[in-house]
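Below is one structure, written out as structure tokens, with a few remarks after it.
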Amino acid sequence: MPFNETLFPQRCETKGKTAKMKDSAETDPIAESLNLLSTILDSELPSVTNFKGKWSLARVKLTHLQTHLTDFSAEFPYASATNPLSLHLLHSISRTLKDAVLLARTCQPQDLLNGKLKTQSDLDSLLATLDRHVTDCDILFRSGLLIESAAGSTSKREAIRSSSRNLITRLQIGSPESKTSAMDSLLDLLNEDDKNVTIAVAQGVVPMLVRLLDSPSDMKEKIVAAIAKVSTVESAKTVLIAEGLLLLNHLLRVLDSGSGFAIEKSCIALQALSLTKDNARAIGSRGGISSLLEICQAGTPGAQASAAAVLRNLAAFAEIRDNFAEENAVVVLVALASSGTASARENAIGCLSNLISEADSDGLSNLRVMVVKEGGIECLKNYWDSGTPIPSLEVAVTMLRHLAVSTAIGEVLIGEGFVRRLVGVLNCEVLAMRVAVARAVHAIGSNSGRARKEMGELGCVFALIKMLDGKGVEEKEVSAMALSVLLMHPANRRVFRKDERGVVSAVHLLNPSLQGLDKKYPVSLLVSLVHSKSCRKQMVAAGACVYTQKLVEMDVPGSKKLLESLGRGKIWGVFSRP
């Protein structure tokens, strides 16, 4: 409570009376406060003649405060007097109680020295301050910090845990300046190490930060920055998501009214929150897409990249894609993909790719056409040819695959040299990239004999045969998927037969014990080769008949045709014997 001597001239008269209390404070701040409380409750309040109703309320709060201080003195006599946070609180309580003594004496005469309105205002301020002290004592008592101060920390992890709890408590008690200082210290702790984030989250920092988001703008920026840091640690994302719409609404408001720094941090946090369907739907229904697109146009480079990442997440949910169409998002995203930072370009292309990702429909066809009309293919080509690292090319390969669903657009892509670009990265060492390229080969080859021929001539078949023996099930499946399309071209079948590994590797994929792999793709691949006598012999020798019989029982598409072809081959082999 901001009392001072100018408000209460009586303070000068009571210096002698309080000298003993001041001496006591030097050794025991709890004892000083308890002495002051005893003075107020036993000596001063009974003599009050003005504002008796308000002083009755003050008595209740003073009694609660006395109970807390007595508990502190009894249970944690050492910790309460040496813990920095408790010391700060005790000194603050002591100052308030000294002012309360003077205010009580001011209310004892019939005539109020400072006037009725001024005295009433001071009394209201005292009540509010006492209420805050009672709450702060309760928070400090429940925080466990006093126990830790008495026990001491035994390891670095325990020290971080204790520090986290200390800062969380400081954010709840004390003056605005004290809370700001605690927030600065918390940011330093979180930014020091991701392990510190995990520890702080376990101590309950996230709910506390969310509750503080109604703070003034400077403090709010720091809170959003802390939440953004928490959102970058994988194990902490579920805790943020659990905060639900309360946190989401605060972050969305920052997008519209925050500083450039706060907007960027808010976007970083929204990247984690936008991964769930419910949150994505909420962002779309609350105007979030419009705000994010504005940031993509006029935000700082970092904010643009983060906003595009949020949009990329949102575009993965089919039910909110109409919001993108309504906001004319394609124009903004193509522009960002053409001129933004490397991260912004990657996220913008990823967002466009997600927007056109599902099976063909009128709406998606229109979106694909719009992407092409707005310069999406040229943008894709520039991104691909600008020295982009292989891992970052995956979004471009995926967008290419989704565009190629349209036969007309696929022909444009072939004409622009994308087949050569695609095959050029098929042999890279990045598994996710190889998988993405194989899917794109299947998509672009499904609708174009020209593409199948060109990919075969560029050596795509041999690279895909190698992938049939990949370590992961997904790599095996997508290579069989791509080959099942490429082998529709006669020249590619001849190339395939030249590699001794091809048929045997494909037959091994028929094995029902190899789970998680769609058997229709290796079946289709082998059906295209079964009319070759040498291939048929290889299939039979590798156990194709046994595997295929089981696949027929499982109703795998094409398996019956393959089994019949293998059977006819056996019969014709018998008739051909001399």
Side-chain angles (χ1 to χ4, degrees), residues 275 309 312-313 315-316 345-347 349-359 380 383-384 388-405 410 413-414 418-448 451-452 454-456 458-488 492 495-496 499 501-502 504-511 514-526 528 556:
L275 292 171
R312 179 178 176 179
N313 289 343
R345 295 174 73 195
E346 180 178 352
N347 285 325
I349 289 174
C351 182
L352 288 168
S353 177
N354 284 341
L355 285 176
I356 58 174
S357 63
E358 290 203 351
L380 197 61
Y383 179 76
W384 203 307
T388 303
I390 290 294
S392 296
L393 271 182
E394 185 182 343
V395 293
V397 172
T398 305
M399 181 174 169
L400 173 67
R401 169 166 64 95
H402 296 321
L403 286 171
V405 169
L413 293 169
I414 295 167
F418 277 100
V419 168
R420 183 174 295 276
R421 290 183 178 87
L422 201 59
V423 177
V425 291
L426 184 57
N427 282 313
C428 73
E429 296 183 359
V430 181
L431 174 60
M433 185 62 169
R434 294 198 302 272
V435 169
V437 172
R439 291 186 186 280
V441 166
H442 175 266
I444 202 168
S446 294
N447 297 325
S448 172
R452 292 193 288 269
E454 187 176 345
M455 285 188 280
L458 290 170
C460 189
V461 173
F462 285 127
L464 290 169
I465 290 174
K466 184 179 177 181
M467 288 176 63
L468 288 173
D469 293 322
K471 294 181 180 179
V473 171
E474 186 180 21
E475 183 176 13
K476 296 174 186 289
E477 178 178 293
V478 295
S479 59
M481 179 193 306
L483 284 167
S484 68
V485 167
L486 291 185
L487 296 190
M488 293 167 65
N492 292 340
V495 172
F496 187 96
D499 193 314
R501 301 170 300 169
V504 175
S505 296
V507 170
H508 288 168
L509 301 187
L510 300 178
N511 190 340
L514 180 61
Q515 298 181 351
L517 187 148
D518 194 335
K519 305 298 183 183
K520 70 181 180 184
Y521 296 118
V523 167
S524 175
L525 185 165
L526 293 170
S528 66
V556 173

* NE2 of His442 to CG of Asn447: how many Å apart, nearest 0.5 Å? -> 9.5 Å

* Taking every non-hydrogen atom, the tightest pair across Leu525 and Ser484 -> N-CB, 4.1 Å

* To do: Kindly indicate whether the side chain of Val437, heavy atoms from C-beta on, has any atom under 4.5 Å from the side chain of Cys428.
  => no

* List the atom of Ser479, the atom of Ala438, and the distance in Å for their closest heavy-atom pair. => N-CB, 4.4 Å

* Search all heavy atoms of Lys476 against all heavy atoms of Asp469 and return the closest pair with its distance. => NZ-C, 3.9 Å

* Structure fact -> Output for pair (Glu477 CD, Leu517 CG), nearest 0.5 Å, gives 5.0 Å

* Kindly compute the distance separating CG (Asn427) from CZ (Phe462), expressed to the nearest 0.5 Å. => 12.0 Å

* Do Ile465 and Arg501 have side chains that get closer than 4.5 Å, going by heavy atoms? -> yes

* What distance separates Leu464 CG from Glu475 CD, expressed to the nearest 0.5 Å? -> 10.0 Å

* **Reported NZ-to-OG distance for the pair Lys466 and Ser505, which is rounded to 0.5 angstrom** => 12.5 Å

* Side chain to side chain, Val495 and Leu486, heavy atoms closer than 4.5 Å -> no

Could you give the side-chain donor-acceptor pairs of residues 389-398 under 3.5 Å, partners two or more places apart or in another chain?
from	atom 1	to	atom 2	distance (Å)
Ser392	OG	Glu346	OE1	3.2
Thr398	OG1	Glu394	O	2.9

* Structure fact -> When every non-hydrogen atom of Gly445 is compared with those of Ala451, the smallest separation belongs to CA-CB, 4.5 Å

* Asked: Taking C-beta and beyond as the side chain, do Leu422 and Trp384 meet within less than 4.5 Å on heavy atoms?
  -> yes

* **Interatomic spacing from CZ in Arg312 to CG in Asn354 - rounded to 0.5 Å** => 7.0 Å

* Structure fact -> Heavy-atom closest pair (Ala443 atom, Arg401 atom, distance to 0.1 Å) is CB-CG, 3.6 Å

* Can you check whether Leu514 reaches Lys519 side chain to side chain, under 4.5 Å on heavy atoms? -> yes

* Would you indicate whether the side-chain heavy atoms of Val485 and Met481 approach each other to under 4.5 Å? => no

* To do: Applying side-chain hydrogen bond (donor to acceptor under 3.5 Å, both in side chains), name anything that partners Asn492, two or more places apart in sequence or on another chain.
  => none

* Asked: Under 3.5 Å, is there a donor-acceptor pair between the side chain of Ser353 and the main chain of Ile349?
  -> no

* Would Val425 and Arg421 satisfy side chain to side chain contact (heavy atoms under 4.5 Å, CB included), going step by step from the backbone distance to the final call? -> CA-CA 7 Å; Val425 291; Arg421 290 183 178 87; over 6 Å; no

* Less than 4.5 Å apart, any side-chain heavy atom of Leu426 and any of Met467? -> yes

* With the side chain counted from C-beta on, respond yes when Leu380 and Leu352 share a heavy-atom pair under 4.5 Å apart, and no when they do not. => no

* Asked: Can you name the nearest heavy-atom pair linking Ile444 to Met455, along with the distance?
  -> CG2-CE, 3.7 Å

